[in-house]
2 protein chains.
Amino acid sequence: MSQPAEGWLERLQTNGYRLTGSRRAVVKIIAGSSKILTPLDVFEQARASHPGIGLVTVYRTLDKLEQLGLIQRVHQPSGCQAFAAALNGHQHLLICQRCGKVRYFSGDHLDGLVGNVEEESGFRVHEHWLQLFGLCNDCRN
Amino acid sequence: MSQPAEGWLERLQTNGYRLTGSRRAVVKIIAGSSKILTPLDVFEQARASHPGIGLVTVYRTLDKLEQLGLIQRVHQPSGCQAFAAALNGHQHLLICQRCGKVRYFSGDHLDGLVGNVEEESGFRVHEHWLQLFGLCNDCRN
DNA sequence: TTACTTGCAAACGTTTTGCACGATT
DNA sequence: AATCGTGCAAAACGTTTGCAAGTAA
């Protein structure tokens, strides 16, 4: 099992959740994936190591992981059902539209822009999304 | 009926679609709205001017308007069912999280950032989303 | 032992489809 | 007149909920 999965299980436990076979299976899948996964993807992959798991449990576990900030929902032009492992701190997403591979990047300099927009619009901005979509090295061929 | 609605109806017609009471009602609602609207919102508002309209027709008309680039789906942390009138050319969204009011802005300088990210990641970027979420002047109180 | 977690079945809200009738061109 | 569009009902889809049985602590 990958490094992050261990930490995730610990986080679940210290937050009062029990460690069960189903939860271990779900955590193992998403924590170890570099691609975005839908609940159904997770369900199908988790069944390999934990055959009796139910889709409902996948949904419930994903909810908890999202609440703990360990995963986040990824919105795309093609749909918004997939999740990716989350990073600490504010990062932006780069997503391969063919295979679903995700990368995070930082280094946007939006403070000035946000200030300008606030002034012109009268809005107060609380959050922003910056996402890049394209094809990864492997999928470009 | 507002100015944009006229142009939208023309666009529908020149693309081979017939002008019907239902379509006029749907176009009138979204073309004239500064807020994002779900299909159900459109349905309820359209019933005022066209009582017999069905929700299915709203869905079908929204599909066509989206294909023609006249409206676009707006993704938010709270959901992705709403649509907004689209602008010509590439613009970014500013959305009020309380009332759904949308504004467009330009002036992002992301070319350099995109170039850096492409170089570091090996991805080829084809599209980007930049969205700001906050509260508009009216909703800040 | 207790409370939490599970999988199943059923319910739910949203969106899509099949179809016969109606309307636009 | 021919084709396209409509509304209804039903189906499909992803997700959530109720519940009795099972399991971690």
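Note on naming: letters A, B, ... go to the chains in the order of the sequence lines (proteins, then strands), and numbering restarts at 1 for each one.
Although no hydrogens or angles enter the test, the distance criterion places no donor-acceptor pair under 3.5 Å between the side chain of R124(A) and the main chain of R140(B). Distance alone, capped at 3.5 Å, is enough to place a donor-acceptor pair between the D41(B) side chain and the T38(B) backbone. Looking only at distances, no side-chain donor or acceptor of Q76(B) sits under 3.5 Å from a matching main-chain atom of Q97(B). Put simply, the side chain of R23(B) never gets that close to the backbone of T61(B): no donor and acceptor are under 3.5 Å apart. In this structure, S33(A) contributes its side chain and I29(A) its backbone to no donor-acceptor pair below 3.5 Å. A distance-only check finds no donor-acceptor pair linking the side chain of Q13(A) to the backbone of L19(A) [under 3.5 Å].
D63(B) places its CG atom 13 Å from the P atom of dG5(D), with the value rounded to the nearest Å. For the pair R18(B) CZ and dT6(D) C1', the computed distance is 12 Å after rounding to whole Å. Atom CD in Q81(A) sits roughly 15 Å away from atom C1' in dT16(D) (whole-Å rounding). To the nearest angstrom, P of dT15(D) lies 11 Å from CD of E66(A). The interatomic distance linking R24(B) (CZ) with dT6(D) (C1') rounds to 15 Å, in whole Å. The nearest whole Å value for the distance from the NZ atom in K64(A) to the P atom in dT16(D) is 11 Å. The interatomic distance linking R23(A) (CZ) with dT23(D) (C1') rounds to 11 Å, in whole Å. Distance, L19(B) CG to dT6(D) C1': 15 Å, rounded to whole Å.
Taking 3.5 Å as the limit, the base of dT16(D) and the side chain of R60(A) contain no donor-acceptor pair of atoms between them.
In summary, the aromatic rings of H75(A) and W129(A) are positioned with their centroids under 6.0 Å apart. The six-membered or imidazole ring of H126(A) lies away from that of F133(B), with a centre-to-centre distance of 6.0 Å or more.
Only one option out of V114(A), L113(A), L110(A), L130(A) pairs with L132(B) in a side chain to side chain contact (heavy atoms under 4.5 Å, CB included); it is V114(A).
Taking side-chain N and O atoms only, Q13(A) has a distance below 4.0 Å to OP1 or OP2 of dA25(D). Close to dA24(D), at under 4.0 Å from its OP1 or OP2, lies no side-chain N or O of T20(A). The side chain of Y59(A) contributes an N or O atom lying less than 4.0 Å from OP1 or OP2 of dT15(D).
In this structure, the nucleotide among dT15(D), dC4(D), dT6(D) sitting nearest to the side chain of S22(B) is dT6(D).
Taking the 5' to 3' direction, DNA chain C first and last meets chain B under 4.0 angstrom from a heavy atom at dT14(C) to dT25(C).
Map G16(A) and C80(B) each onto its nearest nucleotide of DNA chain C; the residue landing nearer the 5' end is G16(A).
From H50(A), atom NE2 reaches atom OG1 of T57(A) across 8.0 Å, with rounding to the nearest 0.5 Å.
At the heavy-atom level, G21(B) lies nowhere under 4.0 Å from the strands shown.
Rounded to 10°, the helix from dT1(C)-dA25(D) to dT25(C)-dA1(D) has 40° between the axis fitted to its first five pairs and the one fitted to its last five.
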